[in-house]
Structures are given as C-alpha cells and as structure tokens.
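Chain A is the first sequence line, chain B the second, and so forth, proteins listed ahead of strands; every chain is numbered from 1.
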There are 2 protein chains.
Amino acid sequence: MTAHVDRIHDERLHDRVVSAEDAASWIKDGMTLGMSGFTRAGDVKAVPTALVNRSENEAFKVNVFTGASLGSDIDKMFAEAGIINKRLPFQADPVMRKKINQGEHLFVDHHLSHTSEWIRHNVIETIDYAILEAISIKEDGTIIPSTSIGNSLVFAENAENIIVEINTAQPELLEGVHDLYSPAKQGERQPIPLTKPEDRIGESGIKVDPAKIKGIVFTEQKDSPSTITQPDEETKMMADHLLEFLRDEVKSGRLTEQLAPIQSGIGSVANAVLHGMVDSEFEHLQVYSEVLQDAVFDLIDAGKVDFASCCSITLSEDKMEKVFSQFENYRDKLVMRPQEISNHPEIIRRLGLISINTALEFDIYGNINSTHVSGTKMMNGIGGSGDFARNAKLAIFVTKSIAKGGDISSIVPYASHIDHTEHDVDVVVTEQGYADLRGLAPRERVPQIIENCAHPMYREQLWNYYREAIERGGQTPHVLEKAFSWHTNFAEHGTMRERVLETV
Amino acid sequence: MTAHVDRIHDERLHDRVVSAEDAASWIKDGMTLGMSGFTRAGDVKAVPTALVNRSENEAFKVNVFTGASLGSDIDKMFAEAGIINKRLPFQADPVMRKKINQGEHLFVDHHLSHTSEWIRHNVIETIDYAILEAISIKEDGTIIPSTSIGNSLVFAENAENIIVEINTAQPELLEGVHDLYSPAKQGERQPIPLTKPEDRIGESGIKVDPAKIKGIVFTEQKDSPSTITQPDEETKMMADHLLEFLRDEVKSGRLTEQLAPIQSGIGSVANAVLHGMVDSEFEHLQVYSEVLQDAVFDLIDAGKVDFASCCSITLSEDKMEKVFSQFENYRDKLVMRPQEISNHPEIIRRLGLISINTALEFDIYGNINSTHVSGTKMMNGIGGSGDFARNAKLAIFVTKSIAKGGDISSIVPYASHIDHTEHDVDVVVTEQGYADLRGLAPRERVPQIIENCAHPMYREQLWNYYREAIERGGQTPHVLEKAFSWHTNFAEHGTMRERVLETV
C-alpha cells in the first residue's frame, strides 16, 4: 500500500507511517482494542485483516469494542479466527452470531449511548489501542474521521495508544461534516448545547496528543455497501400504516406537517418505511438518527428532508457512488456526530424525536423483543433502539406480523425476551395496521394489538390465550405455564399454529 | 372549616372561597382530575373526600391523574366508592390494588417523568380540574405548594379549571423551598440549566392565570405519616453489602468519598439501606431523589448529607414533628422540584446519579421485576425506577433473597414480568451479597448472581436450571418450557422449592 503522506498535514507524524502488519504486531494477547466503525461505515480494515493473518501462526485473544457492527467481513474474520475474548456493544455478522450463541466468545449487548460513559469512567477494560479510520490528519494532529464516528472520540481520548488507518478510498470531501463533542465526566459536565438537529457544537475532527499516535497505516478499501433489500408489498403497507398514524397526529394537532425530527433504525424494514415518506405530503422534515441509509438521501433528493444528523452513513453500492460523486449537494444538509450525542437521552427527549425501530416480536401487552430469537439466540443486539425508544416523543416499533410462511407469529402471548417494556412502547405497526398504545392500560392494549397488528391466522389463537388469562385476573393477565408455549411448539413442531398442530 | 383568608394574599381571589362540597359538585361524570400528591405528601384531602361522599347518592366515574401514590386513604376511598375509570401513573393502596387486579378499574403504570409530556402535548385526556394542595396563594395569584410538587405544575398549566385546597395544617415555613421549572414543548425547549443538585432554576410557586382558579377550599388535615418499618437484620446486611460495593468503587478511583448524588426509592428497604450510610465514612453527600424519607433527614442531622433535592417529603409521624418544628435547620439544605425535573433523564445522566431502587424479583441474567407479583398482579407500579435506572451512573437494585419464609426465591430463572432489562441494571444486592454486572455478558452474570445474591437454599436449584439451559446454547440460555415453573409451582404447591415438592 502506497503511503499518501499528503494526507498527513502534521509533518511531525510522517515518520509514524508503518505497514498494517507492523501495527498489528504491537497488539498483545489480552489487550482491548477500540476500533472505529458503525454499521459497515468507517471501520478500520487493514490492521484487523493483518491481525487475523497473524493469528494463523500465533494464539491470542483480544477484546474488541467498536461503535456498532462492522463491514468488510471484519467480524466474520475475527470470529472464524477465534481471536475474540469479548465483543461489545453490537454486531450483525452471521458467523459471529453463531459463535456467540455457541458460547465461544462473549458478547456484551449494550445501549449504544452508554459505552462511552463506561470507558470515560473506567468501568470496563482500558483501551490499549484505539484503531481509527481517517481521511486525513491535520496540521495540529487532529484526526478527520471517514464515514462514521461511532465511539472513535471516546476511544481516542481514553486509549493509551492510537493507530490511524488513513483510507484513501474514502471521500476527502467528508471533511467539515463531522462535529466532535465530548461531555465532561458525569457531575462535572454542562448541558449539551444542542437544541436543533443542525446545531454544530464541537470540533471538525478528533483532537489528540500527537504523541499517542503510535502508527499510521494506509489503505484504499471502500466501505462494504449495505445489502438493503428493496421495499416489498408488506413493507409498503407498513409504511402506509405509519403514514396514516402520523396523519392522524397532524389532524389532532399533536404534530405539524413538518412532524418532528425522525430517527430510523437500520435494516430493510426501517429503510422501506422511511422511503414511504417520499410520496407523502410531509415536508421540511429533519432527521436525527444513528445511521443514514439510502432512504434519507432519497428524501433529501425529493426535497422532503431539509437536514439530517447522524453518526454513520451506510449506503448501497449505487447510492454510495451517487452521493459521494455529488457530495456538494449534500454537504450543507448533513452533520455527523459521536454516537454518544446522536443517541443521547438528553437530546432525544429535548428534540422530541419520532423514533422508528424494528422488532423481532412483541406481545399482546406491547413488550418488545428486539434481539433474541426464541428468547435465547442473539440476532444482532439492542443497538440504539433502547436509547431512542425510552426517550423519544413517539417510540414506534415495526415488524411483519408473521415469518417463515406463517409458522411464526411476530405477535405472541409473552415476548420470549424483553428489550423494551410496555412502558417504553407507544405505537406498534405491522402490515396489518397500527396500534396506538399511549395512555392505555394493559387490558386496553390487547384488543388494539390483536385486531390491528396480528395476522388474521393468529388472532383467534391470541384471543384464546387472553380469555384464559383474564379468568385469572391481574393488571397484566397471563397463563404463565402457557406463556412460552408458542415458542416451544415452534421448537418442537416447526409451527406456532395450533390448528396445524392438532392435525399433525 | 374556617376560611383563613390571610393565606390568600391576592385579594381578587377572596370571593372564590367555597366549601369542599361545593367544589366537588362541579366535577361531572367522565371528567379527568389532575390532583396534587406524591407518596403520602401534599395530596388534596377535602375535595376528594367530598367527592366520595357525593358518590353515595350519585353514579359517576372520573379519571384520576396524580404525581404518584396518595396518602389520607384517598385511593382507598376512591376504590371502595367505585368512582375511578382510569388511574395514572402510580398507586400503592391495598384496596385499589385489589380492584385493579380484578379489572374493576384501569391503571396506567407510567414512568413518573413521562406523564408531564403526555399532558403538555395533549396525548391523553385533557385535565378538566387541577385540584392542588397549597400552603398559600401570593399577591399575584401564585400558588405555593405544600409537602410535594409532583405533577402539580403541569396540571395547573394545562387544566381548564383549578381548585386550590389551602391546608393550614401544612407548615408555612415550606415557602421558598419549592423550585418550579417547566420545560417548553419538545423541539422548542432549551437545555435544563441544572448542573448541581442545589441549583435553583425556576419560580417559588405555581404561576397561573388567576381566572382559572374556580374555587379555594380550606382544610386542616395533616399528611398521612409514612408507615416505614425500622431496619431489620437483613436490611442492615443489604446496607453493608452496598457500602462494601461503594467502598470498592472509591478504592478503584471510580468514585470519591463524596460518592455521587444519590437517588433512593421509596419503602422500608431503600430507607434502611440509605440509613446504613449514617455510620459510614462517606461525607458531604448529596441527594437528588424523588421522595425524601426519614433516612435523608437522619443523614443531614449526622452531618453526612450537605444538600437534598426532591419532589416530595414523606416522613414518619415523629420525624414529621421534628423536621417541621425545627425547619430553619433544614431550609437551606433542601429544594423541592416537579417530578419531571427530579426524574428527568437529562439531569440524571448529567449528574451521574447513584440510583438505589427495590426489586420484587430478578432473574439469573439481571432482568428486574419491580411491579407484578407472579407476572400478573400489580403491586404498586414502576414509579420513577425506570427514569433513574436507565439514566443513572449506577443502577442498583435491592431485595431480600427470599420471601414467605423461604417459599419464594426473589432470584428466579426468568423474571415473571420485566420492568428493567439486563441492559439497565448495574448492581443487584440482597442480604447475601452483591453482584456487579457491569461489562459482563449474560453467561458471566449467572455465577455472580447465583453465588453472591441467591439464598443458599435455592443456589443448587438455580444452577440446575442454568446447566440444562446452557446445553441448548444461546447468548441468554433458557429452558423456555421451565422458565416460569418456579412461579407455577408456587401457585400450585405454595413453594418454589423443588426438594419440598418432591416430598409433598
């Protein structure tokens, strides 16, 4: 890899350029790495790859802390190489997922706004090496991040050593989009002075003591594109139901046609739902989210979104090409922040976000499972959904009502794992409709959820459970011995449907 | 009741004085009442009593919104009279609890910092009458609250009509302790300018348009004293374990001997744990909490607590007498705020609170049940525990390891209702010890919880469950068909103990 020393404007650092192999050789067994990267964007690529290569001849394990999931198959390679001791706070790789569920390495599933506090206050392992992707280093040693910020600032501030990976395939035009703000320690900090999504409150890069920069590595490898699938009939229906709900809010005077700043979770469903706003009457929208996916840029192009704040930009291959080749059209409509700020409860509550996240399943009282298949097997992690749902003005969760051709109902008597309790969930949406749960007691929620959200093939079965439960009474009636019977039926018979089971 | 018009300094309002019966007669079937009162302190007494009396001859139902639970048997009388349609956001009365669990009236169990946003943004029923206890009304019509603020400010701001109940049994000396601050609407508000527990950011009373004050009623009925039980052997052991944990935090440099501002939940266990600090080495402590119970005043008397912020003061009979007869000793060490501010995520996160709340039960992974006995029957409600646990620096939950002479284990395979997920729980404490769960993956949490917190008589039984679960794998291993078997065994056989069951 050629060294592009013109990307290192601080001449004192020119002698720190090393190969990825050299940098990887500094990492010792038992160390903790704080790596840049948030949902396929801005992850370091060369040093992790060199580290995996090193593991072919040497046994070692490291803790890997990041912003969120990584692209470039880094988590896959790490998992296959077996070099992970503990991974935190999020992942989304099928191979890593399998290893986690087999208990082969540890995974701490953590609210994405919380990790920075643990690091700042020395609660978890000290970061031995912060390894950060950058587009350049400025005259004073300031590191300019690339397509995500994630936890890079807090890693850099608290790490003993920093390795910078300058990626010449990342658009230099991103410089100026970043806004790096770091709260002081708890008890010593001031209010975060952000009152609108477009406010700039920090620095344009990561200011560090240049002595901590132990090595600079060059790479020229693009971010992995997102593998987002196009909206289908059902996600379009979900988008329509969500728009219907928002229209009702406007009619009732609780929202204007500008709505409120929108946060949207990652993945195809959330992207499709957001995409549904392109042809809506809503305009002058603002986005205050973690990841900007394709839909946000479509909304900007359509003149619907005026401004978007994020901590990461993760696009499909085509959209990446388009956005970065015409970046001057987007520059003044974007700001990128640390995930601590994009996901901060103080800001989320102050701005009154409309928060849209994906559920795996939810129950008849509105408790949400975002993470665990059948209550035990990790899918990806809670991510930022808890940061947002707890503090947003509107905590909305979306999911298709059935999966596996109808053998799984996403609406169940009792969610097999609970990430968001009934207290934190305002609206649930499926392709069947939406249920507005605000102000409803548990017994009032049940008919709304069953009739508006459950698939018709499961409604009677849900009513049967509830009728039996209500005979026993309680604020939240249940038949505890049958609460997970839908999940155990699925495990045993491959379906949650009782009628099918009767004939099996 | 004699009218003490000298308590009404705004002469324009002298002609609004009415009897409680007259005021109660204005309340119509289907109306929504926003009543002052937070945990036996500062509740209105005369008008609710008159309303209950009216119900003897007339059928009607109302929605009752408050700060939290009420004293003076108001909730009991309401429940017995059957005049409640919907109650929100918290209650703690045995008769009301029974009616709720029988489905006789609705109860919306709500985060205590969230209700104000629903009212301000017109999400739930409009408040027809705010009925607020006061010690006086000032020259400009400002209402000076009594021993709690709760939701009184947001009720007054948003109600169509206000009834003030001036209670001459409440100490007038409280004037000047209140600090009323109301955030603007979400999206239009500024940061809350509070960076230390002692900061004063608002007004000394509730400023309203005097035209909204429809009636002023006089009463002379003291708050109900708290029925707190004295610390016992087990709560003392819990306090010792908590102190041991805090000492370790100081040793590790994560806390100083001033600790961090403390929040403590209501009830005897939390009070006892806080009381354990009287003889500790910790000093210059600060409290940033909802309710101040006896222990906080003991800590002030012992020179341990320098300052305490609250939204309510609820004391035992003796302590009430003592505190209010020597109030000049406490005045400059106290401030009372709306519950929206005492429980605000922005402030809790900024100050980095140490938050101590009571659990009903928790599971081997650290999920907490604060509200539902056997997953179905409401005890009191989530109260502020969610506001604090999610945003605190240290979310600590305390409970005795067993109940009913050992027939119930408070540590179970799967919490039968989840109010606080594994993501929001840092430390759990029982009389057996404490488990520090920070930074631990679910599989790492299990031995900590079983060995340090479960009662010895249940440890092997918990291990047996976990061993069977881990055979099936997963991030959070479970045997779903047995997850609630401890609860169903208790329901059927009166005990969770397997050995006992074998011999039954």
Side-chain angles (χ1 to χ4, degrees), chain A residues 86 100-103 106-111 118 121-124 186-187 189-193 195 253-254 260 345-346 349-352 367 372 374-378 382 386 390-391 393 416-419 421 423 438-441 443-444 472-478 480-481 483-484 487-488, chain B residues 86 100-103 106-111 118 121-124 186-187 189-193 195 253-254 260 345-346 349-352 367 372 374-378 382 386 390-391 393 416-419 421 423 438-441 443-444 472-478 480-481 483-484 487-488:
Chain A
K86 185 173 278 187
I100 289 169
N101 289 321
Q102 288 169 343
L106 297 164
F107 175 52
V108 178
D109 179 24
H110 200 213
H111 294 305
W118 274 359
H121 297 100
N122 208 19
V123 172
I124 48 174
Q186 287 176 306
R189 66 178 59 154
Q190 292 300 308
I192 301 171
T195 58
R254 288 195 283 261
E346 173 172 339
R349 177 81 170 248
R350 183 181 299 151
L351 298 181
N367 297 286
H372 283 67
S374 285
T376 58
K377 294 206 164 26
M378 175 55 59
I382 193 167
R390 171 64 67 89
N391 298 296
K393 177 185 200 132
S416 62
H417 181 91
I418 294 175
D419 294 293
T421 76
H423 311 282
R438 294 173 297 170
L440 300 188
R443 288 172 184 233
E444 293 178 290
R472 302 190 184 182
Q475 161 84 350
T476 306
H478 271 299
L480 279 190
E481 67 273 24
F484 294 139
H487 300 89
T488 54
Chain B
K86 184 174 280 187
I100 290 169
N101 289 320
Q102 288 168 343
L106 296 165
F107 175 52
V108 178
D109 179 24
H110 199 213
H111 295 305
W118 274 359
H121 296 102
N122 208 20
V123 171
I124 47 175
Q186 287 177 305
R189 66 178 58 154
Q190 293 298 308
I192 302 171
T195 59
R254 288 195 283 261
E346 174 172 338
R349 176 84 171 245
R350 183 181 300 151
L351 299 182
N367 297 286
H372 283 69
S374 284
T376 59
K377 294 205 164 28
M378 175 56 58
I382 193 167
R390 171 64 66 89
N391 298 295
K393 177 185 200 130
S416 61
H417 181 91
I418 295 176
D419 294 293
T421 76
H423 310 281
R438 293 173 298 170
L440 300 189
R443 289 171 183 234
E444 294 178 290
R472 302 191 184 181
Q475 161 83 350
T476 306
H478 270 300
L480 279 190
E481 66 274 25
F484 293 139
H487 301 88
T488 55

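Per-residue counts of heavy-atom pairs under 4.5 Å with chain B were compared for A:G253, A:P345, A:P193; the largest is that of A:P345. Of the listed residues (A:R390, A:E481, A:R438), the greatest number of heavy-atom pairs within a distance under 4.5 Å of chain B belongs to A:R390. Chain B forms the most heavy-atom pairs under 4.5 Å with one residue out of A:I124, A:T488, A:D109, A:N391, and that residue is A:D109. Interface remark: of the candidates B:G103, B:G439, B:G352, B:G439 forms the most heavy-atom pairs closer than 4.5 Å to chain A. Between chain B and the residues A:R472, A:K377, A:K86, the largest count of heavy-atom pairs under 4.5 Å involves A:K86. When each of B:P477, B:S416, B:A483 is scored by its heavy-atom pairs under 4.5 Å with chain A, the top score falls to B:S416.
At a threshold of 4.0 Å, the pair B:E346-A:R350 counts as salt-bridged, since one of the basic side-chain nitrogens sits closer than that to a carboxylate oxygen.
Heavy atoms closer than 4.5 Å to chain B are found in the side chain of A:R443, but not in its backbone. Proximity to chain A (any heavy atom under 4.5 Å) is restricted, for B:H372, to the side chain, taken from C-beta onward. Heavy atoms of B:I418 lying under 4.5 Å from chain A belong to its backbone as well as its side chain. Looking at A:L480, the atoms closer than 4.5 Å to chain B (heavy atoms on both sides) sit in the backbone and in the side chain alike. Neither the backbone nor the side chain of A:A260 comes within less than 4.5 Å of any heavy atom of chain B.
Partners of A:Q102 under the side-chain contact (heavy atoms from CB on, under 4.5 Å) rule, at least two apart in sequence or in another chain, are A:K98, A:K99, A:E104. Residues satisfying the side-chain contact (heavy atoms from CB on, under 4.5 Å) test with B:Q190, not counting sequence neighbours, are A:T195.
Not a single donor-acceptor pair under 3.5 Å links the side chain of A:H478 to the backbone N or O of B:S374.
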